There are 2 protein chains.
Amino acid sequence: MDEIDELLSIRAAELYYEENKTQDEIGQALNLTRWKVGRLLAQAKHRGFIRIEILHPRARRLPIERRLREERGLTDAIVVSSAGVSSAEELQARTAQAAADYLTALRPVPRTLGVSWGRTLFDISQHLRNGWATGVNVVQINGGVSLNRRAGTAAATAVAISQKGGGQATLLPSPAILERLETKHAIESDRVVAGVIELARSAEAYLFSAGAADHNSVHVESGYLAPGDVDLLVAKGAVGDVVGRYIDSDGNIVDPALDARTVGLTLDEIRSSPLAIAVVAGPAKHAVADAVVRSRLCTVLVTDESTALHLLDG
Amino acid sequence: MDEIDELLSIRAAELYYEENKTQDEIGQALNLTRWKVGRLLAQAKHRGFIRIEILHPRARRLPIERRLREERGLTDAIVVSSAGVSSAEELQARTAQAAADYLTALRPVPRTLGVSWGRTLFDISQHLRNGWATGVNVVQINGGVSLNRRAGTAAATAVAISQKGGGQATLLPSPAILERLETKHAIESDRVVAGVIELARSAEAYLFSAGAADHNSVHVESGYLAPGDVDLLVAKGAVGDVVGRYIDSDGNIVDPALDARTVGLTLDEIRSSPLAIAVVAGPAKHAVADAVVRSRLCTVLVTDESTALHLLDG
DNA sequence: CGTCACCTTGCTCATATGAGCAGGATCGCC
DNA sequence: GGCGATCCTGCTCATATGAGCAAGGTGACG
């Protein structure tokens with residue numbers, strides 16, 4: 001295609017897309033046959049001169065979703081558009097909304113849904129509509145009795161999801177991480193706790209997010225880890241955590257001793273589930289998202305466009 | 001349009017624009033008739049959810065051009081797209097290219113073209129192709145013997161335009177601004193200078209740019225004005241200059257005394273021309289561009305998208 | 001509860017567009 | 001300059017889309 005044709009294809013595109021002329025009219029205006037105009041427009045599209053964006057908070061990027069499914073072996077992928085996003089909060093909100101939409105549309109409806117907790121999960125619970133399902137019971141899959149004043153968001157999350165879904169919530173009455181291994185064993189042998197974990201193991205689906213390994217982590221905020229602890233984990237290769245368990249870029253546990261003191265389902269238990277929905281968004285979580293997908297921790301990923309593109313780059 | 005339809009229109013748009021499905025296929029996928037799908041897509045477009053951009057250095061914004069013609073009374077307007085522009089230089093280059101294109105396509109071909117000088121005009125001269133016209137003579141319309149080492153760009157500009165257009169250049173051998181009024185009168189009464197100005201008055205078309213009233217001005221760079229002089233002009237309301245004459249936002253001469261010492265056509269002489277092409281681009285020139293268009297100094301404007309939108313906002 | 005105005009829906013029909021093909025131009029190669 | 005391969009052009013025909021219309025549904029109001 002020479003320069004003259006390239007220019008013509010731009011003129012044609014202007015008339016077609018901005019002025020809503022027919023290819024025939026454009027042909028008359030530019031002294032071309034309408035077939036030539038059609039070919040010029042096809043060329044312009046093919047060469048990437050035409051960009052079509054859908055500007056809407058609920059817009060998704062289907063081609064990227066397909067690539068994620070095909071190239072990264074996911075059962076399903078939901079990628080929200082970043083077009084026109086102004087703030088990180090907006091991106092988070094869009095992703096949470098998309099996750100809520102996905103849950104709502106999920107068939108068959110899981111009778112029991114295992115959930116983690118955190119900012120993302122809380123947002124999802126808030127975006128779910130009342131009556132999004134009927135009879136969906138929720139069970140926590142990792143410890144989450146918070147040590148600080150924001151105590152209760154973990155519980156509130158599970159309760160909101162279950163109530164809006166017309167079911168019951170079963171909370172895991174345990175801290176996320178215990179200081180001593182013995183305490184962890186003791187708690188796990190508690191009849192109630194053991195029962196909840198057993199129920200969690202039998203859940204038909206899991207819904208969880210991932211945290212970045214930095215000082216903004218909910219584990220730091222909740223007091224389970226000190227900022228210095230996180231630094232140590234990062235030094236050992238941690239990129240983030242899933243259900244409280246810190247992993248490296250290959251999805252392996254970074255610190256087995258710490259992991260042994262963490263209450264909840266193991267990563268392998270989640271990995272073996274036929275339906276594990278991970279919701280991960282934001283630039284800070286690119287690395288964890290990659291680890292989660294690489295190590296097949298999830299079968300379904302809900303994320304934003306730029307995170308998705310990051311996954312596909314690798 | 002309720003929320004459910006809005007969402008459907010987004011889903012439909014994704015399938016239509018990103019997945020290239022037919023409206024019929026979309027209908028099957030979403031359980032709608034194809035007519036409903038067509039209406040949803042029309043709604044999505046109408047509501048501004050669909051943005052189509054032409055990404056190309058030569059792309060223009062025809063709807064904005066039309067608005068400029070209709071709302072600001074221009075004979076013609078050329079607006080280059082800002083989509084995908086990374087640097088100010090790129091914007092300047094695009095605009096210069098568009099101006100060169102406009103000149104090349106201009107019919108009837110002007111026998112004599114009056115030009116000003118400056119960075120923009122130089123860029124235009126460089127973007128013109130050899131043989132862009134045959135027999136176009138060029139005459140300078142304002143003084144421009146530069147006082148510094150970059151002397152010669154003014155002359156080079158006029159010569160390049162005329163040579164590539166198969167004609168002769170007539171230079172105005174005078175400084176842009178003189179220090180004393182008497183000197184200005186003396187120069188103007190010089191037979192050669194008077195002849196050139198007479199020729200300039202008879203030009204069939206004018207091509208000029210406008211400068212912002214700031215320290216980057218070519219007048220400062222060339223030594224005709226000191227930075228402090230510009231500050232004074234700004235204090236008097238100057239927004240920029242056209243052919244060396246500083247104007248306020250209404251297009252009026254800001255400093256009559258200074259203006260009297262400026263050699264070249266007057267603004268009214270340019271204003272009375274049936275074809276006066278102004279080329280003005282860049283955020284710094286929004287104010288001058290507005291003054292130029294408001295005071296009808298030009299009949300044709302070549303500019304960039306954001307400047308054009310600025311003009312239409314007022 | 002009836003009536004009317006308005007909006008939505010699913011259609012028919014005209015138009016716009018894309019696929020595929022045959023003839024003709026263009027180019028490299030000898 | 002001859003020859004074949006390739007690309008380009010303008011066509012026919014099938015398909016996709018938008019305009020306009022009549023029927024049905026909805027809601028406001030008496």
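Computed from a predicted structure; not experimentally measured. Throughout, a chain's letter reflects where its sequence line sits, starting with A, and its residues are numbered from 1.
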Does any non-hydrogen side-chain atom of A:Ile277 lie less than 4.5 Å from one of A:Phe208? no

Just the table, please: protein N/O against nucleotides 19-24 of chain C N/O, every pair under 3.5 Å.
residue: C:dG20; atom: O6; partner: A:Arg39; partner atom: NH2; Å: 3.3

Among all residues two or more places apart in sequence or in another chain, which pass the salt bridge (Lys or Arg N to Asp or Glu O under 4.0 Å) test with B:Arg94? B:Glu90

salt_bridge(A:Arg11, A:Glu14) N-O dist < 4.0 Å: yes

Quick one: NE2 on B:His286 to CG on B:Leu309, what's the gap to the nearest 0.5 Å? 8.5 Å

Compile the donor-acceptor pairs under 3.5 Å between side chains in residues 74-81 of chain A and protein atoms, sequence neighbours left out, one pair per line.
residue: A:Asp76; atom: OD2; partner: A:Tyr102; partner atom: OH; Å: 3.4
residue: A:Ser81; atom: OG; partner: A:Ala83; partner atom: N; Å: 2.9

Return the minimal non-hydrogen interatomic distance between B:Leu275 and B:Thr299, and the atom names on each side. CA-OG1, 3.5 Å

Return no unless some side-chain N or O of A:Tyr16 is found under 4.0 Å from OP1 or OP2 of C:dT17. yes

Just the rounded figure in Å: distance from P of D:dT17 to CD of B:Gln43. 18 Å

Mind calculating the distance between CG (A:Asp5) and P (D:dC8) to the nearest angstrom? 8 Å

Using the side chain to side chain donor-acceptor pair (under 3.5 Å) criterion, which residues pair with A:Glu204? Sequence neighbours excluded. none

Of the residues in residues 22-34 of chain A, which ones touch DNA chain C at a heavy-atom distance under 4.0 Å? A:Thr22, A:Gln23, A:Arg34

Side chain to side chain, B:Leu15 and B:Leu30, heavy atoms closer than 4.5 Å: yes

Nearest heavy-atom approach of A:Ser125 to A:Phe122 is OG-O, 2.6 Å

Spacing between B:Leu8 atom CG and C:dT8 atom P, to the nearest angstrom: 14 Å

Expressed in angstrom and rounded to an integer, what is the separation of A:Leu41 atom CG from C:dT17 atom P? 9 Å

Atom-to-atom span, CG of A:Asn20 to P of D:dG18 - whole angstrom: 10 Å

Between the first and last five pairs of the helix from C:dC1-D:dG30 to C:dC30-D:dG1, the angle of the axes, rounded to 10 degrees: 30°

Between B:Asp304 and B:Ser306, is any side-chain donor less than 3.5 angstrom from a side-chain acceptor? yes

B:Lys36 NZ to D:dG25 C1', straight-line distance once rounded to whole Å: 13 Å

Only one of A:Arg47, A:Lys36, A:Arg39 passes salt bridge (Lys or Arg N to Asp or Glu O under 4.0 Å) with A:Asp5, and that residue is A:Lys36

